[in-house]
Structures are given as structure tokens and as C-alpha cells.
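All values below come from the heavy atoms of this structure, side chains included, with hydrogens, waters and symmetry mates left out. Convention: sequence-line order gives letters A, B, ...; per-chain numbering from 1.
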Amino acid sequence: MDKPFSVKDSVNLPRTDFKMQANLVQNEPKMLQFWESIGLYEQILRKNEGRPPYILHDGPPYANGNIHLGTALNKVLKDFVVKYKSMKGFYSPYIPGWDCHGLPIEKRMETELGFGSKQMDILEFRQHCRRYAEKYVGIQREQFKRLGVFGDWANPYLTMSHSYESTIARVFGDFVKMGNVYRGAKPVFWCISCQTALAEAEVEYDDHESPSVYVKFPAKSDFSRVIPEVAGKPLSVVIWTTTPWTLPANLAIALHPDYDYVAVEIGDEVLVVAEGLLSFFLQDTGLAQGVVLAQVKGAVLEGQICRHPFIDRDSVLVLADYVTLEQGTGCVHTAPGHGQEDYVTGQRYGLPVLCPVDNEGRFTDEVPHWNGMEVFAANEPIVEHLRRNGSLIRATAISHSYPHCWRCHKPIVFRSTKQWFIALDLNDLRAKALEEIKRAKWYPEWGETRITNMVANRPDWCISRQRSWGVPITVFYCSKCDGVLMDAEVVAHVAGIFEHEGADAWYRRGSTELLPPGTACPQCGHTEFDKEYDILDVWFDSGVSYEATSRNRPELPWPSDMYLEGGDQYRGWFHSSLLASLGCRDTAPYREVLTHGWVLDKDGLAMSKSRGNVIEPETVIKQSGAEILRLWVGSVEYREDVRISDEILSRLREAYRKIRNTLRFLLGNLAGFNPARDALDAAALLEIDHWALARLHQLLARCGQAYDRYDFHIIYHSVYQFCSVDLSAVYFDILKDRLYTAAADSPERRSAQTALWTILHHLVRLLAPLIPFTSEEAWQHMRPMADLPESVHLADFPVPKAAWLDERLLAKWDRVLAIRELVSKALETARQEGRIGNSLEARVSLGASHDDTAFLSDLAGELRYIFIVSGVTFTERPGAGDGQPEVTVDKAPGAKCERCWNYSERVGTFDDFPTVCERCIPVVRALAGKA
RNA sequence: GGGCCUAUAGCUCAGUUGGUUAGAGCGCACCCCUGAUAAGGGUGAGGUCGAUAGUUCGACUCUAUCUAGGCCCA
């Protein structure tokens, strides 16, 4: 026997297995397994095979350490783009990559293996580096996959793969062929104890005691031509230095063009120092007060010549804006072979890069008195020499921050070394780069300005590093005449060997086994060669990434469509990729470049260990799930710097719940609905259902455009608002009465369900690129209802249907909803006064203007459902303004229907179901009859 | 110090070519509901648009300076 019929149970309440609790942390990994099991990434590619490609080329993160929020932001943004383009029908393979060579791994290995590794066989050392990089590629790969990022994770590109290393060498060969590679001098940090060049990252700053000396450089040219007041008087320019050992390499004195310099007469001589430092100078040297004869701008003195204090050589006065008035004399001793700034200034003035110091830090024969002496030991005799020849004004000692070697902790020197460069102003390389920058599209637009300024002003590209873990610069030196063998065909030959054996071949093979047979020195004809041991800058490695990735994959056309990285890459990858591609392809590797900002803490400060404000992606994933992290990426204006904090994450969890509950309500009220069988034509829909679709139309139009502009946060905000306001607060609230109490298969209910299904079907696909896990979860719940693809990510991106949009309807409902708001206010007042609780306890009467009355009577029977009250009456009141009807609330007459909770005077008048209203009675009777 | 960028309610964002009392959602406070229920609804209070000076009849919107912050250089 069936259960007796129950009026209470005769309502159609929502039913769904789609849980209110997402349990993202537990369920996301299961979803990833599902995707893996159906080969989703491959299916997506297969679906779009043969259609127009859209290639987002991945910039390679460095294979070291765990991913941080910046990397997560970056990968998720890329995933938004790729998923969107894929749903739009583009063929969009995503090949992730890693940057594997370079100093950080090398440093790490040296620390792990002990500094004795310097003596280790280089091949063995490189093997250790490779293993380390492999390990972190594995770790990061899993972390990226965990974020729900789709891609060819099984076949990423690695800058250390044989084929990639071969491409690096090949592109180097292209530059050789172009004729832009040259060998020049450049100062680098150098540890004289370890006898090695040091990178910036290997330098530590510690306090160190140095001499502090003021030295006179006597005038050689006639200063009175620009300072008439000093005519006929002996004049010297005074410099200050803490490294007297660099004086033998002095070639210039730098002044600031805008500062004032004074010629001050002290005793029988005239000294030139900066005006702003004069009193400090006199005090620090103990000189007597002098008479200021004249004052001129530094710029006026440019080109004047002094004599070196103890070498028969000129020292020219040059201008540089890094000169400060913090210390010294404002006249800066300049030795282009011993300082970065000095070097740059020297380049500008065409000075040679003089560096009379060898690998061990000893003066060469170029230095007369002290050749063979270690430079730090030479400080004292040099000062003594200056004192004796009268050039010294004063010598004291100073304790200051000075660079030290991270390995041996001894003070280091700045020393010029031979380095390899790519010339930018040869063969129009720079001009072409600037042209290509103009051809590409930069988002945001200021990116173009930023990279243009950099490319226009940068010096030649120094591509050599004195390192082991990388791709060697494949040039040779004649072992007889020491001439350089740099030949494009030779490089190509070596690159061919790398293709099979990797760059290790450079170290494994002797030069004869690397060179094409019969290679002879172009200078002397000798046939034995030594190899270059410098490696290429890792920016060169990553710069050729698209060439290396697309070379063996015919499905990847040149150039790619998009590069998407953080703003730091204007200097980095956007830049090196542009230059490298001009070497091998003559065009930029990208059509569009999109940049994102930096991830900052809640106060807008950069995250750092020392500040203790670092949030790890792993923490967020463990606490809230990757979906929340993705939603964060989707919610912020990422082209500017973005903030993250516990508060922000907690807001996002709330927003997520709202969106999730919206999907759940949709699914719940579609239980048993079969769109193919039950859906109504758009024309047959009730007006408010049509309104909901019109709003959906607006949402889709807005969001489609936002996706095209990569304005993801617009989508998040629009969808969230749509869920909260249009659906939850308005449409669903009004709809509940109809969904729950109308007969299950009545046209009114089917009309609502048709709208709900349409909203669900479109909303889920709209959200799929942003929140792929939840969209998929909802999609799987929809699949039993209709014939749908196996995954939401195999579905087409939703486009609005023209038939839904009805501007007049939208305008009309704007007006209805405005009046609804007035009713809500009035109901709230009644509630505050204790006259009603639930709005269904109320009856509302509207005193409206003539226009409004006409407008409202059109909706007559619907109004009580729209306002969610038990009755609405309206009367024309000449006093009321348009759009401002007077709302009166009183208690609804009659009794509450047990079934639909509306109040009706007819409740109790039906003998068979005395607790039910006139609206429910036919439904109940039908159901009871069936039962 | 240089190049580029940012600064609108507690949070995340809108604010079109300068034009009436600066918007949204969320959060918050108070209330209602208990048939979306670790849900749902209503009402309400929140901003001298980083600061200062200027251009203008009028500036969140233009200019300059400053402050705070970010990336990249030096």
C-alpha cells in the first residue's frame, strides 16, 4: 500500500546530488583524474584539429624551487586564454616549458656538493645540475597541473634537452652569420682568490677598511678658456677614491653636468671641486680656507684635460649623471676597466678599457713601479708614491660596505675581461627590433613605450658567462696563433652534434672531434684548436624558446599569437625573445604581448621572506582549493599589481559559494526535466522567464567581449552580480512559488524550467575557463538530462541568441523592479512595526499616477507573485508621481494555504482539501487522483 | 638617480571625449524566513575619489609637484 497522499509533500522541491559543500580540496584531485582518464587535453585538440590555430607560447619558469603566487597567477591567466580559445574552436595546443640552465642551479649544486666541485669533472657537475633541474621540473609540473591548467604536460620543452640545446647553438650561429657577434672587454666582479668571475648574485657586501685618499690631477689643457679667473695660476682637479690601486687605470674624471664646481685658491694653487662639497672637502682634508675664484657648471668643463698624477698619460674631464654630492669632491676618478659605471662612461667617450690586472689580481707589466704586486697590497706604496710626488692632499682610512666573494668571503675586484657580445647597431638589428615592437600589439598599451625605451637605449648584449651549466659559445681558438675561429658553418656543424648528444658533447669531445674535418685556422693555417669555455647567457637560451619549440612541431606556426608574462619580462624574456628571433627569423616571435602585475600583500607591499608576508599557492590550495585561487585570478585587474590576503580569499570563498549555490538551485529545479522533451519555444515562455533570458543575453554579450579583451575580472564581477541580484534576489525568489506549487509538468513550470536550463547550460560554459572544476562538476550533473559532450571543456563557448533579447521587455522590467523596490521598502517598514513577518502575510495596495496605473494594470494578475505577497490592488491617485506610487501594506485576509503559503479567503472552502487554496486545489486533486 | 606603472567606500571593481547630490556587488549593522537551510530574502549605514597647487564657468577625470607603493635599470 502506498503512503497516504500528503498535501505537504505535493510540492516540487529542488532535488540534486550536486552538493552544497564543494569540498574542493578533496574533490579537485578526483576531477583531475577524471580528465586524465578521458584524455581530455588530447580530445580538445582533436576537436579543433584543422581549425584556425591560436598559439599562446609559454614563457619558461626557472626549474628551481616551488611555484609561488606570481607563477600561479601567470599560469592560470594563460589557462584562461587557452581554455577560452579552445572553446571558441581555435586549435590551441599549450606546450609548457622550463628554463633549466643557469647560475641559481649551479650555485645550489656548488653548495650541495661543496666548493670542491670546482675540481670535479665538468661533465659530472653538469650531470648533477641536470638531475636537479629534472627534479624541479617534475615538482612544478605537478603543482601546475594541480591548478587545473591544461597542456601537453607529458611533452614540455626544456632548455636543457638535446634538441633545444642544438637550437640555441644554431641561433648563435645565425648571429655569427649575420656578423653581429664580437669579442670585447667588459668589467666584471672578479675574485682574485678563487680566480673566477662572479655574478651579481654571488657577491656579498660586508664592511671593509679601505684607504680614503684625495688626489690632485694637474691641469694640462688651458682651463682659463672656460674659467678666465684662473688664468696663469697652477690648477688641479681633485678626486677622491677608496681604491688607490685602480689609479694606474685612470683615464678620466667624471663631473655632474648640472652641479656647480668651484675653483678655489688655497695657498699658491687652485683646486677644482664641487661647490656642494667644498666645506666638507676642506674639513675632511684639513686644508686652510681658500678663496673662491670662480664657479661654473660641470658641463662647462667637459673635454678639459688633466695629467695623470704618476703616469705620463692624459685624464679627460667627462660628464656623468651618477655623480653625487654625498662624499668626495664631486670629481669622480674614472677607470673604465675597473667599474661598471666607469665602463659605460668610457664607452660613451670612446675611451679604451684599460685593465692592467691579471687573473691573480697582480699588476701586469703595464704598471711601471708595482708590476707583479697584488693590487690590495699595492694601495700603500701607491699612496706613498703620491705623497712623495706631491699629488696627495690627504690619506686616511675608511670603513665602508665593500663587495666580497660568497665562497671565500675575501674582498673582490672589478676587472675587465674579454666577453662575447651581440652588436645591436650592426646590420640594423636595433632598428629592426624597434620596428617589430611597433608591429606587435602590447597590452596594456604602455608596454610598448616601456620596451621601446629599453631596446632603444640598451648597450650591446653581453652573451658570455664564465660558467659551466649552460650551452657553450661554440667558437675555437687556434692553438698556434691564438686567432679566433668563429664561423657560421662550424657552429652549424657543432649544433648538429648537439642535436644528438646535447651540449655535453662540447666537454666530452676534443676540438678535432667537434670541428668539421679539415678545418684550418684562417689566419695561420694551423689545424689544432682550443675550445671556448664560456657559456651563453641563459636569456639567450629562453630567448629562442619559440624557435626551439615550433621547429619540430609543424602544428605550431611562426610567429605565435601571444606571450603572456609578468611586467619584469620587458627586460627579460619579451626582450631576449625579440632579439633572438631577429637572429633566426627576422621577425618577432609574437603578435601580441600581454603582461600581468606583481602579487603584493594586503597593504600593497611586495612579498618577501624578511617581511614575513609571503602567501604560498600551496597553502591556498590546501585550505581552499585551486578553484578559489583561480577565482582570485579571475577577480582582479591583473594588468596592474594585484593584492592577496586572508580577507580577500575569504571573500572569494563566499563568492564561490554564491555561484555554486546558484548552480545548485538551477540543477535542483531541473530534476526530471528533459530539455528535448519538455522545453518550450522562446515564444511560449512567460514574460518574466523571457526577461531572465534577456538578462542572460546581456551577460553573455558582455562576457564574450570581456574574454576577447582578456578582461577576466569583468566576467567574474558580471557573473557574480548576475547570480546574486538577477537570479537569487529577483528571479529565483519570484520563481519559487511557481516551481514548487504548479503541477510538475504544467506549462507554467515548464516555462520556468526552460529558462533555468538555458541559464544553466550557458552559465556553466561561460565559467568553464575560469572555474573548470566546478563547471565540470555541474556539467556532469547535466549530462543525464541531455545529449552533451563528455566534458564541458569539449563544449562550444556560449553565444547569446538574438531571439532572447527584447529591449522593450528589459525597459519594462526595469520599471517593474523599481516599483518592486518601493514595495520592499514598505514591507520592511511593516515588518519593523511587527505587522508582518514573511511578505506573503501581506497585501499591498498601490496608489499610482495615471501612467503607472495603466502600466500596472497590464501586469495585474502577476504583480502579487512578482512582489511575493498574497495580494495586490491598485488605484489611480492623481497626487502620486510617475514611478513613485504610494504603497500601503496591510495584513492579507483569509488563511494561509498549507501548500503554497499564500493567504487566501478561499482556504477552508474545499471539503476534500480544507487546508488548501483555490490555486492549489486542482493540482492537489490531480495528484491525489493519480495516487 | 632613470624608464614604465599604480593610488575611487572595510574588500574586489565600474566611472564613457572634464558637466547635476561619485556607482555596483560583496562584507558590515538591524530585521524576516525556515520548502536553495553550514542556504534564502529585506532595509540601512559607509567615500573631503592618496596630498597640495594650478588650468577651467566647472575636475575623480587635464597639468605640475609631493607622498606611499610596484617592476626594471643604475
Whole-angstrom distance between [N] and [M], as gauged at atom [atom1]:
| N | M | atom1 | answer |
| --- | --- | --- | --- |
| B:rA22 | B:rA9 | P | 14 Å |
| B:rG19 | B:rU61 | P | 11 Å |
| B:rG15 | B:rA24 | C1' | 11 Å |
| B:rG54 | B:rC60 | P | 15 Å |
| B:rA51 | B:rU8 | C1' | 15 Å |
| B:rG50 | B:rC5 | C1' | 16 Å |

request  = Starting from the 5' end of RNA chain B, give me the residue, A:Arg643 or A:Val730, whose nearest nucleotide shows up first.
outcome  =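 Per heavy-atom nearest nucleotide, the more 5' residue is A:Arg643.
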inquiry  = Taking the nucleotide of RNA chain B with the nearest heavy atom to each, does A:Trp598 or A:Arg702 sit closer to the 5' end?
reply    =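 Counting from the 5' end, the first nearest nucleotide belongs to A:Arg702.
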Touch class at under 4.0 angstrom, heavy-atom based, for [X] against every strand present:
| X | answer |
| --- | --- |
| A:Arg611 | sugar-phosphate |
| A:Ala655 | nothing |
| A:Thr16 | nothing |
| A:His717 | base |
| A:Leu605 | sugar-phosphate |
| A:Tyr322 | nothing |
| A:Arg639 | nothing |
| A:Gly837 | sugar-phosphate |
| A:Arg651 | base |
| A:Val725 | sugar-phosphate |
| A:Lys8 | base |
| A:Arg657 | sugar-phosphate |
| A:Asn661 | base |
| A:Glu341 | sugar-phosphate |

With the side chain of [X] defined as its heavy atoms from C-beta on, choose the nearest nucleotide among [options].
| X | options | result |
| --- | --- | --- |
| A:Phe665 | B:rG35, B:rC71, B:rA36 | B:rA36 |
| A:Glu654 | B:rG70, B:rG25, B:rG27 | B:rG27 |
| A:Ile648 | B:rC11, B:rA14, B:rG41 | B:rC11 |
| A:Ser635 | B:rG70, B:rC26, B:rU12 | B:rU12 |
| A:Gln721 | B:rC26, B:rA24, B:rU34 | B:rA24 |
| A:Arg831 | B:rG42, B:rG40, B:rC72 | B:rG42 |
| A:Glu647 | B:rA36, B:rC11, B:rG35 | B:rC11 |
| A:Glu640 | B:rC71, B:rU6, B:rC13 | B:rU6 |
| A:Lys736 | B:rC5, B:rC71, B:rG40 | B:rG40 |

task = For the residue pair A:Asp321 and A:His256, confirm or rule out a side-chain donor-acceptor distance under 3.5 Å.
result =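 Not at all, the side chains of A:Asp321 and A:His256 share no donor-acceptor pair under 3.5 Å.
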task = Just grab all the side-chain hydrogen bond (donor to acceptor under 3.5 Å, both in side chains) pairs involving residues 647-659 of chain A, residues at least two apart or on different chains.
result =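 Every side-chain hydrogen bond (donor to acceptor under 3.5 Å, both in side chains) pair that includes a residue of residues 647-659 of chain A, provided the two are not neighbours, is A:Ser624-A:Arg653, A:Glu647-A:Arg651, A:Tyr656-A:Arg660, A:Tyr656-A:Thr774, A:Lys658-A:Ser728.
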For A:Glu828, all residues meeting side chain to side chain contact (heavy atoms under 4.5 Å, CB included), sequence neighbours excluded =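 So A:Glu828 forms a side chain to side chain contact (heavy atoms under 4.5 Å, CB included) with A:Arg831, A:Gln832.
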query = Under 6.0 Å from the NZ atom of A:Lys891, do we count more than 12 heavy atoms belonging to anything else shown?
reply =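 Counting neighbours around NZ of A:Lys891, more than 12 heavy atoms of other residues, nucleotides or ligands fall under 6.0 Å, so yes.
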message = For A:Arg15, I'd like to know if atom CZ has over 12 heavy atoms of other residues, nucleotides or ligands within 6.0 Å.
response =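 Atom CZ in A:Arg15 is not crowded, with 12 or fewer foreign heavy atoms closer than 6.0 Å.
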task = Would you kindly check whether a donor in the side chain of A:Arg450 faces an acceptor in the base of B:rC71, or vice versa, at under 3.5 angstrom?
result =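 For A:Arg450, whose side chain was compared with the base of B:rC71, there is a donor-acceptor pair (under 3.5 Å).
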query = Using purine N1 to pyrimidine N3 plus N6-O4 or O6-N4 for Watson-Crick, or N1-O2 and O6-N3 for G-U wobble, each under 3.5 Å, what pairs with B:rU34?
reply =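 Answer to the pairing question: none, since B:rU34 forms no Watson-Crick or G-U pair.
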message = Does the structure show a Watson-Crick or G-U wobble partner for B:rG44, both distances under 3.5 Å? Name it, or say none.
response =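 Pairing partner, where one exists within any strand: B:rC28.
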Anything under 3.5 Å between a protein N or O and an N or O of nucleotides 43-47 of chain B, put it in a table, one pair a line.
none

key: Residues which pass ring-ring contact (aromatic ring centres under 6.0 Å, His included) with A:Phe722, listed by chain and number, not counting sequence neighbours   =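 Not a single residue meets the ring-ring contact (aromatic ring centres under 6.0 Å, His included) criterion with A:Phe722.
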ask   = Syn versus anti for B:rG10, judged by chi lying within 90° of 0?
value =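 B:rG10: anti glycosidic orientation.
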ask   = Which heavy atom in A:Ala742 sits nearest to a heavy atom in A:Glu748, and how many Å separate them?
value =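 Looks like CB-OE1, 4.2 Å.
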ask   = Hey, what's the ring geometry for A:Phe18 with A:His781, parallel, tilted or perpendicular (30° and 60° as the breaks)?
value =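 A:Phe18 vs A:His781 ring planes: perpendicular.
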task = For A:Tyr720 and B:rA14, give me the distance from atom OH to atom P, rounded to whole Å.
result =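 That distance rounds to 17 Å.
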message = Rounded to whole Å, please give me the gap between CZ in A:Arg571 and C1' in B:rC5.
response =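 After rounding, the gap between these two atoms is 17 Å.
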message = Taking salt bridge (Lys or Arg N to Asp or Glu O under 4.0 Å) as the definition, give me every residue that meets it alongside A:Asp890, ordered by chain and number, with sequence neighbours left out.
response =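 Scan of A:Asp890 (salt bridge (Lys or Arg N to Asp or Glu O under 4.0 Å), adjacent residues dropped) gives A:Arg843.
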query = Going by the salt bridge (Lys or Arg N to Asp or Glu O under 4.0 Å) test, which pairs reach into residues 700-725 of chain A, not counting sequence neighbours?
reply =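 Residue pairs with at least one partner in residues 700-725 of chain A: A:Arg639-A:Asp711.
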